[in-house]
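This report refers to the structure that appears directly beneath it.
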Amino acid sequence: MLCSTERAVFAVQAPSPLGTKRSFAATKVVVENISRVCCALAYIDRELLHMPDIGRLICGEPLAEGRAKVALQQLTQSVEAFASRAIRILTEEDSDEATALGPFFARVLLENSCAALVGRLDPFRILYLSEFQGQPEYEHGRRARSAFSWFGDVIPAEEKNSELWNLDHEASKIGRALFSKHIDHVCWQPAVESMLDFVSAHGSDPLLRDILSLGSETYVKQTKGQSQQL
């Protein structure tokens, strides 16, 4: 069950009866790809990474006390809980539970993971959502227009202007979605390059070799493409 803060962030709908392990597995690929970058940047050996650690890996370990730390800790707990449930279903034989709940577990895992990354890259976003939930104007059960949105916070709106840098760009119109072209250039590309440097220095580890096929300039495009298919 999602905690109160997560209900404010997400409006998770009931799972579709058409969901299958295939969509669940596709979601797992996206989460794993994102985790690889975080893993290398945090200098965590994948051999030592266990499923309960994925929450710490995605959400970090905030040291300063405050609302952001509380929100990230709640997301950590949710990511770890749903990751464990998701892996359990993946390893089981086909069942009604896997068909009905697998896509739901995967969706919550992916959305909470992306929300945590958005919050770490754009702290105001998670601070605003957490603060708004405590206001008398907030109505439980009613989705706020400013709530976390898959199309908007993760997948950017159509970016018509192909130029990254232009004197005529207005700050309010510069995309800050997780997979926007500016976040890609400022955050993801340097992160992937650092990851590749780290992996190259530990190239003898067979668990890390497949990471070398990723490219810093194509990583977000590929990951966004996978995410849009879910």
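Any value given below was found using the heavy atoms of this structure, including those in side chains, with hydrogens, waters and symmetry copies removed. None of these values were measured; they are calculated from a predicted model.
- Across all non-hydrogen atoms, the minimal contact from H169 to E163 is NE2-O, 2.9 Å.
- Under the 4.5 Å side-chain contact rule for hydrophobic residues, Y128 and V118 share a cluster.
- Taking the six-membered ring where the residue is Trp, Y138 and H140 present perpendicular rings, their angle passing 60° and hence far from 30°.
- Within the model, atoms CD of Q74 and NZ of K69 stand 13.0 Å from one another, a figure rounded to the nearest 0.5 Å.
- Transitive grouping of hydrophobic side chains (ILVMFWY, heavy atoms separated by less than 4.5 Å) keeps F124 and I174 in distinct clusters.
- Summarising the local packing, NZ of K221 is surrounded by 12 or fewer heavy atoms from other residues, nucleotides or ligands at distances under 6.0 Å.
- Of all heavy-atom pairs between I54 and A83, the closest is CG2-CB, 3.9 Å.
- The closest donor-acceptor contact from the side chain of R120 to the backbone of I58 lies under 3.5 Å.
- We find the CD-CD1 distance between Q189 and I183 to be 12.0 Å, quoted to the nearest 0.5 Å.
- Shortest non-hydrogen contact noted between V220 and F179 is CG1-O, 3.7 Å.
- Taking OG from S130 and CD1 from I126, the interatomic distance works out to 5.5 Å, rounded to the nearest 0.5 Å.
- Summarising the local packing, CZ of R125 is surrounded by more than 12 heavy atoms from other residues, nucleotides or ligands at distances under 6.0 Å.
- Between the H185 side chain and the S180 main chain, no donor and acceptor come within less than 3.5 Å of each other.
- Minimum heavy-atom separation, A115 to F148: CA-CE1, 3.5 Å.
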Problem - Derivation and outcome, side chain to side chain contact (heavy atoms under 4.5 Å, CB included), residues L214 and M195 - result: CA-CA 10 Å; L214 299 176; M195 176 190 68; 3.9 Å; yes
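- Here the side chains of L109 and V79 are in contact, with some heavy-atom distance below 4.5 Å.
- What you find for C59 and T76 is that their closest heavy atoms are CB-OG1, 3.0 Å.
- In this structure, R107 is not positioned above the aromatic face of F104 in the sense of NZ or CZ being under 6.0 Å from the six-membered ring centre and within 45° of the axis.
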Practice task
Please lay out, stage by stage, how E111 and W150 fare under the test side chain to side chain contact (heavy atoms under 4.5 Å, CB included).
Solution key: CA-CA 7 Å; E111 288 187 334; W150 181 254; 4.2 Å; yes
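- Proximity of E131 to Q135: side-chain heavy atoms (C-beta onward) are separated by under 4.5 Å at one or more points.
- We find the CG-SG distance between L75 and C114 to be 11.0 Å, quoted to the nearest 0.5 Å.
- Hydrophobic cluster membership is shared by L121 and F151, with clusters built from Ile, Leu, Val, Met, Phe, Trp and Tyr side chains linked at under 4.5 angstrom.
- The minimum heavy-atom distance between A177 and I155, with the atom names listed, is CB-C, 4.2 Å.
- No more than 12 heavy atoms of other residues, nucleotides or ligands sit less than 6.0 Å from atom CD of E217.
- With hydrogens and angles ignored, the 3.5 Å screen pairs no side-chain donor or acceptor of H182 with any backbone N or O of R176.
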